[in-house]
Colleague: 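For reference, the structure I am asking about is given below.
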Amino acid sequence: MAQVIRDGMLSHAVLVERLLAIDEAGRLLGPHRHAAARLARVPVSTVTRWLWQARDEPPPRTAQQPLQPARDGC
């Protein structure tokens, strides 16, 4: 099993596992992601990315990611 706490930080695998369990119950809120980010000492956006990667789904598009026109075999 992966080490849960190292250098005062909670393992991101453990955080993701717990956040996904909360999400499955339909109770995952922003404060959960913020608390996880503090525990892992990473930005909230990193925690959000970990969750999307764990779900194996593409993240939703944001205003920062403009749509690219489709290429027709070029």
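Sequence positions, counted from 1, serve as the residue numbers for this chain.
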Colleague: List in chain and number order the residues that pass side chain to side chain contact (heavy atoms under 4.5 Å, CB included) with P31, two or more places apart in sequence or in another chain; answer none if no residue qualifies.
Modeller: L29
Colleague: Can you name the one residue among V42, L39, V47 that meets side-chain contact (heavy atoms from CB on, under 4.5 Å) with L15?
Modeller: L39
Colleague: For A35, check side chain to side chain contact (heavy atoms under 4.5 Å, CB included) against everything at least two apart and list the hits.
Modeller: R38
Colleague: Apply side chain to side chain contact (heavy atoms under 4.5 Å, CB included) to T48 and list each qualifying residue two or more places apart in sequence or on a separate chain.
Modeller: R33, V44, W52
Colleague: Using side-chain heavy atoms (C-beta onward) and a distance below 4.5 Å, is L51 in contact with L28?
Modeller: yes
Colleague: For R55, check side chain to side chain donor-acceptor pair (under 3.5 Å) against everything at least two apart and list the hits.
Modeller: D23
Colleague: Which value, rounded to the nearest 0.5 Å, describes the distance between R18 atom CZ and H32 atom NE2?
Modeller: 12.5 Å
Colleague: Run the side chain to side chain contact (heavy atoms under 4.5 Å, CB included) test against Q53 and tell me which residues pass, sequence neighbours left out.
Modeller: R49, W50
